[in-house]
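None of the values given here were measured: they were computed from a predicted structure. By convention in this document, chain letters (A, B, ...) are assigned in the order of the sequence lines, proteins followed by strands, and residues within each chain are numbered from 1.
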Amino acid sequence: MTTPRLGVGLDMPWGHEIGWSVNDDGPSDRVHCFLNRYGGAFDYFVFSFQPRGSSAYDASAYLPAYERLIACLPSEMPIALHQTTFNMGALDPYPRHAAAAFTNDLHAALGFAWTVEDLGIWSVGGVPMPYPLPPVLDESSLTTVTASIRDLQAQLDLPLHVEFPGFHDKYAVVYGEMHAYDFFRLAVVESGVDATLDVAHLLTYQWMLGARASADLYADLERLPLDSVTELHLSGCSVVHDRILDLHHGILLEQQLELTARLLQICPRLSYVTYEDPRFDAAGTIIRKSEPGLQALRELVAGAA
Amino acid sequence: MSNVFAKLIATSGAYPAALRESAGAEAVSAALLAGARTGRLANGPGLASAFPETLALARWRTCDPVEMFMTSDERTGADCVGLGSGISLAEAFYLWARTVLDGPELAMAQYELAASLSKTLALYPDPSFDVRSAIFSRRSNGWLAVVDGSGAPVDDEDPQPKNPYLFFSMAGVLRRGAITAAALRTLRAQSGAP
């Protein structure tokens, strides 16, 4: 068993309070305060790629801002890039080589520890989906998707982690007879990459299948590629009117913590547990409602070490 | 019922047709339409703010111009992701508008395309999309767009306006105004700045 570390991840849209400042070409004041306050409380940092308006995918348009963000982090802190442009679940032709080249250029300058993206359909025919759709769950799709992952990893100069996709209840475009855990395991194992399990995404899938009781929500874990899992993601969720909502609001559900505890036991290579998208105020202080869940997560990870 | 998602799936030819019948397909279509109107879809100005007059004019001919455009063949030329080699959503919308408008109405669509895309090009002189309309030309120090200020549409392949109205985008600044046809000829003869 490896010793897991606790990191923090931020989605970073341009021009948002929690994001990039267009005027300063760096992290927003709020993010700056957050990193000053909590940077040392986490072992690594992950940020999600967001396109900068209509700017071309040219590293020079992004690097000044990225470098200012890294200057806010503790020296030598590992950083990873959560990509949003690989579109690994897509079946139609997609210029993935351009996304790989762009990622490699960023990596050459910043030295990411890895890059990760949900195994989803992020766009179709040049049109981005409102939420990444899960891949088509059949054998033909599995063949295409596995080849896409393998090709992408071959083009990248850094490790690729493939993340189990979310199953959004509103945008439930789900088709195919395969169990999503089986599809994901086969895609990961056959392409030889490391896997990331987003705990909320696992719950949204089981919820979509009708699970509500603990025994059902935590079922079928053996169908996941447990030996390939190196990373977990936890973002805030809520259950509202019998819907489970992956809101990314920083407040963790009990079920997320329970599932994390179980995964920490059964994933022998699990090395990174990423707390995603905490909410924090203008002074950079994490909101009070998030604290119990974050503390419980911290103790889980420390206990597994 | 919106067919935007169904059209995307059908056009790609790579996905099972049954995906169009999925429970969430209608919600995806609605979100894509909203994204096209507001700009969320393509990280730029939405069609509602970029083409307010064109949309109002096209509404006389179609019940929902944005949906008609989003399910049209003209839409397929746009690359909203920006990694491929497509045109902007705004230019694709203009190409669709050209199929339903003519005369002064088409001139309005040309004007709104020139105004909105010039704003984008002022901020992003090296954009993530191609600019193919001959209304636009790249200069050594920015972008030039020329339409006719008198309400007559210009030829998309070879714009020769009688009353040129010019947009010039450079380093975050957009300048616009009428110039004479002779001045435009001189300008075009120069390789550098207008």
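Heavy-atom contacts from other residues, nucleotides or ligands closer than 6.0 Å to CZ of A/R212 number more than 12. Residue A/R68 qualifies as enclosed at atom CZ: its count of foreign heavy atoms under 6.0 Å is above 12. More than 12 heavy-atom neighbours from other residues, nucleotides or ligands sit within 6.0 angstrom of CD on A/E177. Within 6.0 Å of atom CD in A/E67, more than 12 heavy atoms from other residues, nucleotides or ligands are found, so the atom counts as buried in its surroundings.
Each of A/P128, A/G125, A/A61 has some count of heavy-atom pairs under 4.5 Å with chain B, and the biggest count is that of A/P128. Among A/G176, A/S141, A/A172, A/S140, the residue making the largest number of heavy-atom pairs under 4.5 Å with chain B is A/A172.
Each of B/L8, B/D79, B/V81 was compared with A/S123 under the side-chain contact (heavy atoms from CB on, under 4.5 Å) criterion, and only B/V81 meets it.
Residue contact with chain A, scored on non-hydrogen atoms closer than 4.5 Å, involves the side chain of B/L32 exclusively. If you measure heavy-atom distances from B/T11 to chain A, you find no contacts under 4.5 Å at all. In this structure, chain A has heavy atoms under 4.5 Å from both the backbone and the side chain of B/A23.
Nearest heavy atom pair, residue A/Y171 against residue B/A27, reads CE2-O, 3.5 Å. The minimum heavy-atom distance linking A/G53 with B/Y124 is given by the pair CA-OH, 3.4 Å. In this structure, B/S12 and A/V124 approach most closely via the heavy-atom pair CB-CG1, 4.2 Å. The two residues A/A56 and B/P127 make their nearest non-hydrogen contact at CB-O, 3.7 Å.
By the 4.5 Å heavy-atom criterion applied to side chains, A/D58 and B/D126 are not counted as neighbours.
Separating the CG atom in A/L133 from the CZ atom in B/F5 is a distance of 5.5 Å, to the nearest 0.5 Å.
At a heavy-atom cut-off of under 4.5 Å, chain B is reached by A/T85, A/A90, A/L91, A/D92, A/Y94, A/P95, A/A98 from residues 82-98 of chain A, listed in order of number. Applying a 4.5 Å heavy-atom cutoff, the residues of residues 83-115 of chain B that approach chain A are B/L83, B/G84.
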